[in-house]
4 protein chains.
Amino acid sequence: MTDPGRSKRRRRVDGELSRERILDAASEIATERGYEGTSIALVSAKCELPASSIYWHFKNKDDLIAAVIERSFASWLNAWQVPDEGTARERVQGLAMQIAKALLESPDFIRLGLMLALERRPIEARARAMFIQARTQAAATLTQTLSELTPGLTETQMRQLVTYAIAGADGLFISNEVDDGAVDLIELFDLHANALYSTALRLLAENAGR
Amino acid sequence: MTDPGRSKRRRRVDGELSRERILDAASEIATERGYEGTSIALVSAKCELPASSIYWHFKNKDDLIAAVIERSFASWLNAWQVPDEGTARERVQGLAMQIAKALLESPDFIRLGLMLALERRPIEARARAMFIQARTQAAATLTQTLSELTPGLTETQMRQLVTYAIAGADGLFISNEVDDGAVDLIELFDLHANALYSTALRLLAENAGR
Amino acid sequence: MTDPGRSKRRRRVDGELSRERILDAASEIATERGYEGTSIALVSAKCELPASSIYWHFKNKDDLIAAVIERSFASWLNAWQVPDEGTARERVQGLAMQIAKALLESPDFIRLGLMLALERRPIEARARAMFIQARTQAAATLTQTLSELTPGLTETQMRQLVTYAIAGADGLFISNEVDDGAVDLIELFDLHANALYSTALRLLAENAGR
Amino acid sequence: MTDPGRSKRRRRVDGELSRERILDAASEIATERGYEGTSIALVSAKCELPASSIYWHFKNKDDLIAAVIERSFASWLNAWQVPDEGTARERVQGLAMQIAKALLESPDFIRLGLMLALERRPIEARARAMFIQARTQAAATLTQTLSELTPGLTETQMRQLVTYAIAGADGLFISNEVDDGAVDLIELFDLHANALYSTALRLLAENAGR
DNA sequence: TATGAATGAGACTTCATTCAT
DNA sequence: AATGAATGAAGTCTCATTCAT
């Protein structure tokens, strides 16, 4: 005889488990094929739940992809912490390293987000918004960190520096995709960290010179 | 009776005009919606030619998108020339400026190419290959220019520097897309040029130090 | 411990309240969209009860729609009484007026019923039967009233007259729907009452003439 | 060997023939099941053309149903002519008879139209508009005829009379549907014609009396 | 007295592509 | 140098209903 108590809990948990299975499947497929390439039928086949069940958990495809991005971003954000030892340059380098590694481990968020960013139609509203929000949050964290490490920059300079930092990360991630992993991301992120730090110093020098 | 010779030439001219109209339409749509979002029906509606006529001009969808990329890349490549005056740093800055402007004027090639690069399906073979080829060509030009301006770098360093240069350009282009044009691309490309030049100097110094 | 008696009664009250909420929602939607357009999901969304709860209260969709018709018909039937003063013509006119007003106040029954009548599928057995029954009852009441006011008609003539009376009412209701309320229903029902009375007189004259 | 001339014409005609086959199938099904019940799959099965072919000929379901109504209305309108012999009353009766017969022979237009009129959502815009337009045209024809046969009515009276004439026709058509053909439509339309004529006389008498 | 979760069937519509002319 | 017509496959999503709890 089955234990009714456990059976009950099992049931209630099943919903979240199904949701997770759907997200896993969608994440995997979206990584390979982008927003349009991620068909509900494909997701359904991969997670072994009928398409209609997917629609029980998510309002529509947009909603599903947004959830994928949300989850991947959360795990990505969790994966890095600002180092608190060493010289300023070393700490910038250390942070870059962590971001690089996190990107390699949770690439869905960026890959999907960049795809959505490059497309311009307003359909995938929620998914796109989710990516923008994630990006804004990352920029805020970065701004705070950099302003501690290189104090003295004007607000405009800071904004430029952060934009450039993120652009470099995006670009390097893409170069890794284009060359199919043949690029040494770790080393290039180090180059990027140094370039950023040098730039910060150059800007500070300019400020002092005026 | 109509003059067959004139009729023939007329026909050929019309044919090329149709081809061009199709490419214009496809380019516009692909820019907005990416590879998957660019349906033949949509292109047909925009260029006002029946779908079957598109198949008269292009073997299939892949072929059409490849042609779009090819055309956009050609016009992009035409838009910049290496400056031959000023200090090395100034010439790097000048080149960056031109690339930035060219990107703003012929963005299809990059946008479409990046979309294809981020997706991983093997279907769009020809379109993808076209983008890779364009990129390789740009890298070659850049390598040659940079090795003239900062001689003394090892081959590996050069490759890294070029990869980083392209990554920065990609990333800045994307940041402009994400923020919907609110970013001052010209200024950021200048920052990028300076960062690149500083990096080159740093690497040269390292070489000398060893 | 809670008082089981009170709890039970409370539960029954809640149950009936839920039932009523479902009927309200279904009624509103069915009025707008007809039988096929009234989906359980739509009703569920409007009454804010899960779809499965609707199935707790009603066997199936057919059963639900039948209940909607039943309720609306009951309230419609309650709204008119045969006038007992004035000349025969005046009393016919008075009755017509009441029917017209009742139709404007409880239109669901007629609207839904007519929709079902115009469709020919055998699926909505119960709902359709409910409408037919309502109509038969209305015809009986009308027959009795008219035979009091204009005695002397044969059974066949009476049946024709009643059919025509109902047809006119249906038709005028529809004309009001088609013209979106721009029609003066009250005045037209008066016209109808007079036409009916004149016809009755004509038929009586014919009977006398034979 | 096939005659190329004939073959060519065959091809071109095939398009219209297919269109006609689709309309026939849709008409038959819509008559039985109404707008929502007319699924593209059902139509496809009945006309033996794939669903996608239906979409080559019609933009969407709304467009298809509108075309069905349009065609049925045209054939209905063609089926009656104002009689030009006999007394005014006889000519009104003759006209009513023709309209009744036409309704029995081309019922799609009314049945479908009434269904759409009773539903209130704005989705089937084109189909609904088509029905309203048909109705307006019928009303215009009727107005002209009646004003010839019973001159002297005010504009308002005329409008009322025509509205009532159409309402009666609608209602009788419906009574025939509800009672599943058990009603003698011809006789009732005669009753209706007489009621209309009597009403016209009554209104003229009122005008004279004032 | 409910309800969260699920599901097979089917809805409308668009897809890339073909082929006879 | 085209194009009208067609088509099988696949797209997203909603349907009425069930069932364990």
Side-chain angles (χ1 to χ4, degrees), chain A residues 4-5 7-12 14-19 36 38-42 44 49-62 64, chain B residues 7-8 10-19 36 38-44 49-57 59-62 64, chain C residues 7-8 10-19 36 38-44 49-57 59-62 64, chain D residues 4 7-12 14-19 36-42 44 49-62 64:
Chain A
S7 164
K8 198 184 221 168
R9 191 183 297 146
R10 186 71 146 77
R11 255 289 147 188
R12 179 160 306 157
D14 265 353
E16 263 163 47
L17 192 135
S18 293
R19 204 189 123 98
E36 299 251 16
T38 303
S39 79
I40 299 294
L42 236 40
S44 158
L49 285 171
S52 48
S53 294
I54 297 177
Y55 280 89
W56 198 90
H57 289 279
F58 302 93
K59 201 163 52 102
N60 51 32
K61 196 177 142 175
D62 186 21
L64 170 59
Chain B
S7 160
K8 205 182 219 168
R10 181 60 202 282
R11 214 170 257 174
R12 181 172 301 158
V13 165
D14 282 1
E16 261 160 47
L17 193 136
S18 290
R19 204 189 123 96
E36 296 254 17
T38 303
S39 78
I40 299 295
L42 236 42
V43 174
S44 157
L49 287 170
S52 45
S53 296
I54 297 176
Y55 279 87
W56 195 89
H57 288 280
K59 203 169 56 136
N60 53 31
K61 193 178 144 177
D62 188 20
L64 170 60
Chain C
S7 159
K8 204 183 218 168
R10 181 64 201 280
R11 212 168 259 170
R12 183 172 299 160
V13 165
D14 282 1
E16 262 159 46
L17 194 136
S18 290
R19 202 189 124 99
E36 297 253 15
T38 303
S39 79
I40 299 294
L42 236 39
V43 174
S44 156
L49 287 172
S52 45
S53 295
I54 296 175
Y55 279 88
W56 195 90
H57 287 280
K59 203 172 56 142
N60 52 31
K61 193 178 143 177
D62 188 19
L64 170 60
Chain D
S7 164
K8 198 184 220 166
R9 192 182 296 145
R10 186 68 147 75
R11 254 287 145 187
R12 177 158 310 155
D14 265 353
E16 264 164 47
L17 192 136
S18 293
R19 205 189 123 98
E36 300 252 14
T38 303
S39 80
I40 298 296
L42 237 40
S44 158
L49 285 170
S52 48
S53 294
I54 297 177
Y55 280 88
W56 200 91
H57 289 279
F58 302 93
K59 202 162 53 94
N60 51 34
K61 198 177 141 176
D62 185 21
L64 170 59

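Chain letters run A, B, ... following the sequence lines, proteins first, then strands; residues in each count from 1. Side-chain atoms are counted along with the backbone in the values below, which use heavy atoms only and exclude waters and symmetry mates.
- Spacing between atom CH2 of D:Trp56 and atom P of E:dT13 amounts to 18 Å, rounded to whole angstrom units.
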Dot-bracket summary - DNA chain F, pairs being Watson-Crick or G-U whose distances fall under 3.5 Å, with | when paired to another strand: .||||||||||||||||||||
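- Nucleotide F:dG4 holds its P atom 14 Å from the CD atom of D:Glu16, rounded to whole Å.
- D:Ile54 has its CD1 atom 16 Å from the P atom of F:dA5, to the nearest Å.
- In this structure, C:Asn60 and C:Tyr55 approach most closely via the heavy-atom pair CA-CE2, 3.9 Å.
- Rounded to an integer number of Å, the gap from CZ of D:Arg19 to P of F:dA6 is 12 Å.
- The side chain of B:Pro50 sits closest to F:dT3 out of E:dT7, F:dT3, E:dA5.
- With sequence neighbours excluded, the residues satisfying side chain to side chain contact (heavy atoms under 4.5 Å, CB included) with A:Ala41 are A:Ser39.
- Nearest approach of A:Ala51 to A:Ile40, heavy atoms of both residues: CB-CG2, 3.9 Å.
- Proximity of A:His57 to the phosphate of E:dA5: no side-chain N or O atom is located under 4.0 Å from OP1 or OP2.
- In plain terms, the two heavy atoms of B:Glu36 and B:Lys61 that are nearest each other are O-NZ, 3.7 Å.
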Under 4.0 Å protein heavy-atom contacts per nucleotide of nucleotides 14-19 of chain F, with B for base, S for backbone only and - for none: BSSBBB
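- When every heavy atom of B:Ser18 is checked against every heavy atom of B:His57, the shortest pair comes out as CB-NE2, 3.6 Å.
- Atom CZ of A:Phe58 and atom C1' of E:dA6 are 15 Å apart (whole Å).
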